[in-house]
**Q** 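I have a structure here, written as structure tokens, and I will follow up with some questions on it.
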Amino acid sequence: MLEEVERWLGRRSWSVADRPLERILAAKRNTKVSVVLPALNEEATVGDIVAVIRRELMSEAVPLVDELVVIDSGSTDRTAEVAAAAGARVVARDAILPRIPAVPGKGEVLWRSLMVTGGDVVCFVDADLRDFSADFVSGIVGPLLTDPDIDFVKAMYDRPFGDTPGQGGRVTELVARPLLNLHWPQLAGFVQPLGGEYAARRSLLERLPFPVGYGVELGLLVDALHTVGLDALAQVDVGVRKHRHQDGQALGRMAAAIYRTAQLRLSRGHLVRPWLTQFERGEKGFEPRTYAVDTEERPPMAEIVEYARRRVA
């Protein structure tokens with residue numbers, strides 16, 4: 001590990017206990033905080049997450065979060081209804097920036113969320129978390145309120161796989177961590193580089209391109225490094241993250257999208273064919289299934305006319 005990264009770990013890696021809520025609230029002053037949950041068919045978990053945030057971080061006693069928005073990206077279950085009943089403002093993905101046709105993908109939803117939120121600090125939280133703790137929000141928002149030199153904060157945590165501790169994050173260990181260590185060694189200190197819980201200043205997010213799919217976490221992290229430098233990035237230990245796990249083939253598609261995102265940032269010249277073939281056993285043996293790899297990226301939101309008009313208004 002680079003000496004610079006070792007120093008960074010000592011300076012920019014914290015525990016949620018390092019910043020009590022009282023200290024965070026005292027530092028908040030007029031800074032507005034938005035929490036965004038991207039959601040697709042998450043009726044089983046989204047309501048509990050919204051309820052915890054509203055109860056523990058949006059009360060008169062603890063007014064840390066100013067707005068809580070669930071962006072529904074076309075759910076066919078009761079995700080929108082459950083989220084609204086729990087107290088979130090629910091916005092349909094396709095209702096945001098209708099001039100630009102939406103494409104499937106988590107990054108697409110996060111990018112569009114900047115149009116319908118107003119916080120100076122924007123906090124993203126995945127909607128499939130179980131046993132959710134408010135620490136996931138306060139932990140990563142805290143450094144942005146207490147330390148003006150911090151622009152981007154990722155959560156770090158243990159990720160059990162079933163009943164086995166520490167075995168989650170398979171794509172992280174097999175794809176993202178090797179890529180970062182080999183090509184962006186300054187980012188080798190991040191424990192959960194692909195984690196879906198992170199917060200950043202709007203002034204940074206609006207300047208970054210957003211990969212539309214699974215590559216969004218790696219893309220934002222790499223681009224944040226190049227935009228504001230390592231010392232403006234940080235991570236906070238928030239405990240244990242429990243969520244729904246993807247099957248092996250879904251992880252393969254995720255890995256391909258992440259590799260493609262990295263490749264786009266390594267070279268704007270020759271790129272490999274953006275397709276991934278996987279195999280499933282059928283009636284006649286193993287049958288190939290070929291999927292397009294997410295390749296599209298949205299430009300920095302600051303370049304979008306509607307966003308610029310909204311800021312002026």
**Q** Side-chain contact test, heavy atoms from C-beta onward, threshold under 4.5 Å: evaluate it for S75 versus N41 and give yes or no.
**A** yes

**Q** Can you check side-chain contact (heavy atoms from CB on, under 4.5 Å) on V236 and E197, steps first, answer last?
**A** CA-CA 10 Å; V236 176; E197 290 69 48; over 6 Å; no

**Q** Could you tell me which non-hydrogen atom of G119 sits nearest to which non-hydrogen atom of V122, and how far apart they are?
**A** O-CG2, 3.9 Å

**Q** Quick check: closest heavy atoms across G196 and R241, and the distance to 0.1 Å?
**A** N-NH2, 4.2 Å

**Q** Determine whether P299 and P209 make a side-chain contact, defined as any pair of heavy atoms from C-beta on separated by less than 4.5 Å.
**A** no

**Q** If only atom types and distance count, is the side chain of N181 paired as donor or acceptor with the main-chain N or O of P178 below 3.5 Å?
**A** no

**Q** Decide yes or no on side-chain contact (heavy atoms from CB on, under 4.5 Å) for L204 and F152, but give the supporting numbers first.
**A** CA-CA 8 Å; L204 171 61; F152 188 97; 4.1 Å; yes

**Q** Just so I know, are the side chains of L233 and Q186 near enough to count as touching, which here means a heavy-atom distance under 4.5 Å?
**A** no

**Q** Quick one: does T31's side chain have a donor or acceptor within less than 3.5 Å of a partner on K28's backbone?
**A** yes

**Q** Begin with the C-alpha distance, continue with both residues' side-chain angles, and end with the deciding distance and a verdict on side chain to side chain donor-acceptor pair (under 3.5 Å) for T146 and R19.
**A** CA-CA 9 Å; T146 63; R19 289 177 178 78; 2.9 Å; yes

**Q** Using only atom types and a distance under 3.5 Å, with no angle test, would you say the side chain of T45 pairs donor to acceptor with the backbone of R130?
**A** no

**Q** Determine whether V240 and V125 fall in the same hydrophobic cluster, where Ile, Leu, Val, Met, Phe, Trp and Tyr are linked whenever their side-chain heavy atoms lie under 4.5 Å apart.
**A** no

**Q** Could you check D128, V137, L37, D126 and say which one makes a side-chain contact (heavy atoms from CB on, under 4.5 Å) with I49?
**A** L37

**Q** Can any side-chain N or O of D66 pair as donor or acceptor with the backbone N or O of V33 at less than 3.5 Å?
**A** yes

**Q** Please report the interatomic distance CG(L144) to CD1(I140), rounded to the nearest 0.5 Å.
**A** 8.5 Å

**Q** Linking I/L/V/M/F/W/Y whenever their side-chain heavy atoms sit closer than 4.5 Å, directly or via other members, would V141 and M156 fall into one cluster?
**A** no

**Q** G215 and T261: which non-hydrogen atoms are nearest, and at how many Å?
**A** CA-OG1, 3.3 Å

**Q** Side-chain contact, heavy-atom cut-off 4.5 Å: R12 with D149?
**A** yes

**Q** Could you state whether L251 and L174 fall into the same hydrophobic cluster, counting links through intermediate Ile, Leu, Val, Met, Phe, Trp or Tyr residues with side-chain heavy atoms under 4.5 angstrom apart?
**A** yes

**Q** Could you check whether any side-chain N or O of S59 sits under 3.5 Å from a backbone N or O of V62, counting only pairs where one atom can act as donor and the other as acceptor?
**A** yes

**Q** Do the non-hydrogen side-chain atoms of R93 and L40 ever get within less than 4.5 Å of each other?
**A** no

**Q** Evaluate the side-chain contact (heavy atoms from CB on, under 4.5 Å) criterion for residues V116 and I71: first the C-alpha distance (whole Å), next the side-chain angles of each, then the deciding distance (0.1 Å), finally the verdict.
**A** CA-CA 9 Å; V116 293; I71 310 293; 3.8 Å; yes

**Q** Are the charged groups of E217 and K154 less than 4.0 angstrom apart, N to O?
**A** no

**Q** I'd like to check V91 versus R112 (side-chain heavy atoms, cut-off strictly below 4.5 Å). Are they in contact?
**A** no

**Q** Say whether L64 and V52 are linked into one hydrophobic cluster, either directly or through other cluster members, by side-chain heavy-atom distances under 4.5 angstrom.
**A** yes

**Q** Measure the acute angle between the ring planes of F190 and W8, then classify it against the limits of 30° and 60° as parallel, tilted or perpendicular.
**A** tilted

**Q** Sub-3.5 Å donor-acceptor pair from the side chain of R202 to the main-chain atoms of L114, do we have one?
**A** yes

**Q** Apply side-chain contact (heavy atoms from CB on, under 4.5 Å) to residues D120 and R201 and explain how you reach the verdict.
**A** CA-CA 6 Å; D120 307 293; R201 300 191 191 280; over 6 Å; no

**Q** Would you name the heavy atoms of F210 and L205 that are closest together and state the gap between them?
**A** CE1-O, 3.6 Å

**Q** Same cluster or not: L225 versus L2, using hydrophobic residues (I, L, V, M, F, W, Y) connected whenever any side-chain heavy atoms lie under 4.5 Å apart?
**A** yes

**Q** May I ask you to decide whether R89 forms a salt bridge with E67, counting only side-chain N to carboxylate O separations under 4.0 Å?
**A** yes

**Q** Just so I know, are the side chains of P98 and E306 near enough to count as touching, which here means a heavy-atom distance under 4.5 Å?
**A** no

**Q** I need the W184 CH2 to L221 CG distance, nearest 0.5 Å.
**A** 10.0 Å

**Q** How long is the gap from CD on E297 to CG on L264, to the nearest 0.5 Å?
**A** 5.5 Å

**Q** A side-chain contact here means heavy atoms from C-beta on lying under 4.5 Å apart; do M301 and L97 qualify?
**A** yes

**Q** Which atom names give the shortest non-hydrogen contact between R265 and P211, and what distance separates them?
**A** NH2-CG, 3.8 Å

**Q** Keeping the roles fixed (side chain from S113, backbone from L110), state whether a donor-acceptor pair exists under 3.5 Å.
**A** yes

**Q** Can you tell me how far the OH atom of Y259 sits from the CG atom of L266, to the nearest 0.5 Å?
**A** 8.0 Å

**Q** Is the side chain of R11 donor-acceptor paired with the backbone N or O of D231 at a distance under 3.5 Å, no angle test?
**A** no

**Q** Can you tell me how far the CG atom of D72 sits from the CG atom of D77, to the nearest 0.5 Å?
**A** 8.0 Å

**Q** Rounded to the nearest 0.5 Å, how far apart are CG of L129 and OH of Y157?
**A** 7.5 Å

**Q** Over all heavy atoms of both residues, which pair between L25 and A61 is shortest? Give the atoms and the distance, please.
**A** CD1-O, 4.1 Å

